[in-house]
Amino acid sequence: MRLTCPYCGSRDHQEFTYRGDATAVRPALNNTSIDDHNAYIFDRSNPDGVHQELWNHTSGCRTHLVVERNTVTHEVLSCKPVGPFARKLK
Amino acid sequence: MSGFRLNLRDGVGTAIGDKSIQFVFDGKPYRGREGDSLASALMANGVSIVGRSFKYHRPRGIFSAGSEEPNALVTLHRGARREPNIRATEVELYDGLTARSQNRWPSVNFDVMAINQLAGSAFSAGFYYKTFMGPGRRGHKATQFWWFCEQFIRRAAGLGRGTNLPDPDHYGRMNAYCDILVVGTGAAGLAAARRAAAGGARVIVCEERAVAGGSLTSLPDYIDGEPARDWAAGQRDELSAMDNVTLLTRTTVQSYFDDNTFLAIERVTDHQARPAAATPRQRAWNIRARSAVIATGALERPIVFAGNDRPGVMLADAARRYAVEFGTAPGRAVAVFTNNDTGWLVARDMARAGVIVTDIIDVRTDVPDEIRAISEETRAAVSTGSAIRSVKGARAVSGAVIAEYNEMTGELGETRKTIACDCIAVSGGWSPVFHLTSQQGGKPVWEAELQAFLPGEPTQNWHGAGAMVGAFGLRAALQSGDKAAGAALADAKLRKGRGHVPKVEGDAIDYAPAPVFEINSGGKSFVDLQHDVTAEDVRLAHREGFVSVEHLKRYTTLGMATDQGKTSNVTGLAIMAAASDKAIADTGTTRFRPPYTPVTLGALAGEKYGHLAAERLTPMHDWHVEQDAHMYANGPWLRPESYNLPGETVEQAYIRETRLVREGVGIVDVSTLGKIDVQGPDAAEFLNRIYTNGFAKLPVGKARYGLMLREDGFLFDDGTTWRLAENRYLMTTTTAGAGRVMEHLEYYRDFVWPNLKVALASVSDEWAGIAVAGPKSRAVLKACVKGCDVSDKGLPFMGVRDATIGGIEVKIARLSFSGELAYEVYCGSHHGQSLWDLLFKAGEKHNIVPYGLEALSTLRIEKGHVAGPELNGRTTPHDLALSGMVSSKKNFVGSVLLQRETFSKADRLQLVAVKSLDGQRVSGGSHLVSGSKDNPGRSQGHVTSPCYSPELGCYISLAMLEGGSARHGEKMFFSNPVRNKHGAVEVISHHMIDPTGGRMHG
Amino acid sequence: MRYSAFAILKNALRGNRDWTPAWRKPEPRSNYDVIIIGGGGHGLSTAFYLASVHGITNVAVIEKGYLGSGNVGRNTTIVRSNYRLSANSAFYEKSMDLWRELSQTLNYNVMFSPRGVLNLAHTPGQMDTHAERGNQMRLMGVRSELLDRDQVARLNPGLDVSGSARFPVHGGLLQPDAGNARHDAVAWGYARAADQLGVDILENTEVVGFLKEGDKIVGVETMRHGERGEIRARKTGVAVAGNTGRVMKMAGVDKLPIESTVLQAFVSESVKPIIPTVTTFGAGHLYVSQSDKGGLVFGGNIDYYNSYAQRGNLPVWEEVTSELIAMFPNFARLRLLRSWGGIMDMSMDGSPIITTGPLPGMYLNAGWCYGGFKATPASGWCFAHTIANDKPHAFNEAFTLDRFKQGNPIDELGAGPTPWYH
């Protein structure tokens, strides 16, 4: 599998570290609800199909990418820098 | 079979050179010729039995001329280079080659295990599942019966024998990138390669055999006016001369991974008698291709009939290759048995080469006239509408019985005829080789017209060409190769240019066979030759309900031998389809699994064979080694365990080192600690959210010990973090946690709090770290430090200062892991050794002692500091008596889930220490119990970090104990049954020395 | 037909014409007491124990493809109970007890072979960790032995025990009663035995939806030979391993503490016996044993990204083979024959879930990560108990679905809620 890092170009996936579901969003710092934190940590939709996920380019620029990837075909649909994605979540 | 060397001349023995070559098979010397394969050389020497089958140990000969070979498996070489299960058809002969037959005892010509044949019908599919369950109906005893039988079954199974010696050879890896990968160099592959190359693409071309050309090397046709093999040679030369083309022979593309990543294995020196020492034996090519042309051709499949495993029965096209390429007749009288036109052409080409073809037997009645005409040239007797009913000869073919055959009903007539022959060349049609694309999930489609599975729709950037996609015949193959290259150029965003298809003169025939797969005459007919799976086994599987193709495969082991069913899968499916009264299209086929042919494990490991992982060394590594330190592989790091004096054990050494630190001063290399530079206006806020305790208010020039949790509230890592400036911190982590802490921080920086202005850099390798510990440590620093007052006032506990030592810029932090007055001194890693030397020299008059991991550990255990064994991913701060470190005034990673009720239960495992009451060493891995050695009772906890405490004068350990914080003073036992140890201990507080901290604050 | 040496001889003399199907191919009925979704090892063993232990025989096992097409036929066949945490060691030792008698229980030779599972240790610290686990096993009544380097070398002659190895071997922990079994035979044996007790095994029948009354699950919608159907049941058990997410979504359970990944497995060409035990590398992640047929069967880490494809990628090939031949440099000239992948239902702590719920009328068996094969008997036994009694047995009471949120993970590795690290 190959991922196209927006900073470094097309690279083998073993240059990256998988960091899991990008739709699992941490509750805000001032949110102290145990349920909300439990949901963030333990509940996964684990789709068979398009999955939005985080990969850290650990052997490259060491930033996270938001990758859209099909978990059935392994087709990578997009690789985007995490910044704009993460800011939109707030 | 009694093969022999033909008269070599133009067009006969095209691969064979002049040089005579000596080799040894089963201890007997033979001579072959340059260019021979081991198979062709054995055949030329009249050797007919070369192996024994897996289950029945039936004699087997040479069946094919390539990597699809199921029968002719041999063991090559001796000693550490011994290599079992090698296909003789793929071994290039060289002087001194040693090969042995296998899976036989005492010899391949007389194998006592052949007695298995007598039990033939009992040894049917599913045999093992139905018996050996042992006497009686229940119990472990019965299983023991199976275990007893199993050892004999295991010895009888297996093929060749491996070795217990390490492989002395080495292997290489190449990472390659190309626009277009062309797999195969037959007509289609060459056509594709030339167009791709002409289009300016970076091209890699891989050919499994030693010479490019595929079937062109044995076909009599002409391309662009020259013999096909000459045309192929010309193409090969042209391609090799081009800068944008890499042509790899002896290179099999084995696996097709995601995003057009391919694994190819190049056999670099396997064909050489004396390879150069520096050359890797094989090389793994990891190829990333923008697009690929798969031109892997097709494999001939046999027709199954009774006795079809006798040495002498072989594939027709292989027989042709032996005659034409290797100049070797596969027999003195060859009969051809076919269900399609190719058998006839094979007969003709063999006859032209000088082989006597006695009979052509075709199941079809309707054979085209121009094909029939061929038989006149061969002077063979022709029987159409006929089939082979059985084979004569006990150990090799001596003849065959032919009967009339009804193509529509599959029935044999009563009239029989016996023919004399010592070789039967069989053609049952062609199966396209789409293994690579099937690996990628491509779904094959049955094409009734061609009686073949075709690869189906591409799931990635590949284009099929030639027989692989059903474009049989030279013309069609050249055309499809050219076209596929055009499409591949477009994939690679290059100009397609204009194609060119060379002119072909030669046979234009129909490659589609009649749908005849098996002649069922009741005798033992083999579908999978290597695994001895018969047509009856397939029908038995059907009878017992194992009808899905996967069940068929798994129940009968059809297609699971080392040839992976290359010549047997389709036939097996066809027989199952017939038994189930289904069409082959509805039966389906199994997915091919990588690799295409067996791959040497050494080649897969490539350069990592003998070099599994890089060693991480500290800047002071050489010094430790020079001191004869006991080095210890700690994850990727090599670290000194202890500096043993002559005659000292590790235990004696660490006790001495510990004592000397507590009494005077010691020096230890702590460069392996993870170090992360945290900078930015929001660095303080960021750390405040990461650590359980506060960091925002930490003054510049101070360090603080911090705890990190996972979001689920469990401890993640610990370490000190130093505030170097308003917006800059130096974080230290545990050695083992360095990588994961960095990733943890990056996750929060990038994804969770992207608005915080903070930058992170791993600086673990940039800083060398040295700890100087002990009551005299201040004196040591005082003697060498410039630019900083190291007095208690000038450098108080947890203070951080810049200074120089011998001109080297350093950072000094007054930290204590040992519980003594102690300092950590950091400098740029390239100065590490110099700094070490300077500190060491400054310490000499205080008898400074270097200490290793064991003493480092002993010091912190006595002090009650936790480390890796306590931070095991299952403990919380409360469990480790670190609740005081958890701020209740802020929210941080893990703060919410740490509140969960379960974490405040009184019976959780909690940190304590134990000390030995009976002088015994509290051995590692012990559990804490209440009972005696013979009756210990259940585990109530376990020891985590044991050592001898010079300070307490006894063996101690940190431990995790159920409700431990309330059990100080309790007498228990440590229990270590696997080490046969049991001893009395007392539960004590983990603060074993200086609980008020007077020493380190001193 | 009862299987025995006698039956084989008798049938051989009759040309093997009288053998009958190992299990029936029945048409589905409209109503069952219990439906088990998933005709893999766990589903089939559940059905068998429902019928044989609890007398519930009106049971259907519904399988999307061919029986045993999931992980029961794709694993590296290791059977062991060498766990550190008591919830795991008790459960897996129950499984061992069932394994020891399984061939006789099922009248089907599952070729359980207690040849020993050896975990190598490469540092003194790792020897201590192994001892801690070995002692836990001993204190739970499970045999274990801590071997030194020489003992390990005697057991496995090709093993690199030299001090110059990158990760020198210090010794290992042996569970002598652990070993291997023939994976397909386990599925077929349970299927045949369950079938004989009256269980209907419905192959090529896909569950495409659930029948609900309010919140309660009362059956499933199916697709069979291109036709839709409905099957009702009082109780519906789900045992679909890597497909848990897929199936539970149909029931309206959108999220679970499970992620699906692919685990690759590898087999070499057959050779004569060369390694007697199951052996694992301690300085990485690699397990290897030799099948009765002679192939070296080995595997390592998962491909760590989420996946529903039964195939993996090249990095794992390189990692696994380099570790294998670092451990056994005499294997370097042997050859890889085949590799394949299975979908793993990785849980948040690396341990399984066998529970009632999460909806009324429903029961869940999932989260096996890559340890499901050895659990097959106990998993079915406990799941059957849970379904029959509407509450877990003591052996599986810790394997709840809500343990993660309550803070009671069963985390052998201490890797935390990161499924791809277990």
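Residue numbering restarts at 1 for every chain, and letters A, B, ... go by the order of the sequence lines.
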Inset, instruction - Please answer whether the main-chain N or O of A/Tyr18 pairs with a side-chain N or O of C/Trp420 as donor and acceptor at a distance below 3.5 Å. - result: yes

Inset, instruction - Would you check if the side chain of A/Asn38 reaches a backbone N or O of C/Lys405 as a donor-acceptor pair within less than 3.5 Å? - result: yes

Legend entry - More than 12 heavy atoms from other groups under 6.0 Å of NZ on A/Lys80: no

Legend entry - Contact class of A/His13 relative to chain C, heavy atoms under 4.5 angstrom: both

Legend entry - Side chain A/Arg69, main chain C/Asn306, donor-acceptor under 3.5 Å: yes

Inset, instruction - With rounding to the nearest 0.5 Å, note down the distance linking CZ in A/Arg44 to CE in C/Met346. - result: 13.5 Å

Legend entry - Most contacts with chain C, counted as non-hydrogen pairs under 4.5 angstrom, among A/Asp48, A/Val72, A/Asp43: A/Asp48

Inset, instruction - Please examine the side chains of A/Ile41 and C/Pro417, heavy atoms only from C-beta on, and report whether any two atoms are closer than 4.5 Å. - result: yes

Legend entry - Exercise: do C/Ser260 and A/Asn46 side chains pair donor with acceptor under 3.5 Å: yes

Inset, instruction - Drop me the distance from A/Gln14's CD to C/Glu318's CD, to the nearest 0.5 angstrom. - result: 6.5 Å

Legend entry - Near-ring test A/His74/C/Tyr305, centroid separation under 6.0 angstrom: yes

Inset, instruction - Decide, yes or no, whether a salt bridge links C/Lys255 with A/Asp21 under the criterion of side-chain N to carboxylate O below 4.0 Å. - result: no

Legend entry - Best-contacting candidate, C/Lys249, C/Met248, C/Gln310, against chain A by heavy atom pairs under 4.5 angstrom: C/Lys249

Inset, instruction - Find the one option among C/Val262, C/Asn313, C/Asn243 whose heavy-atom pairs under 4.5 Å with chain A are most numerous. - result: C/Asn313

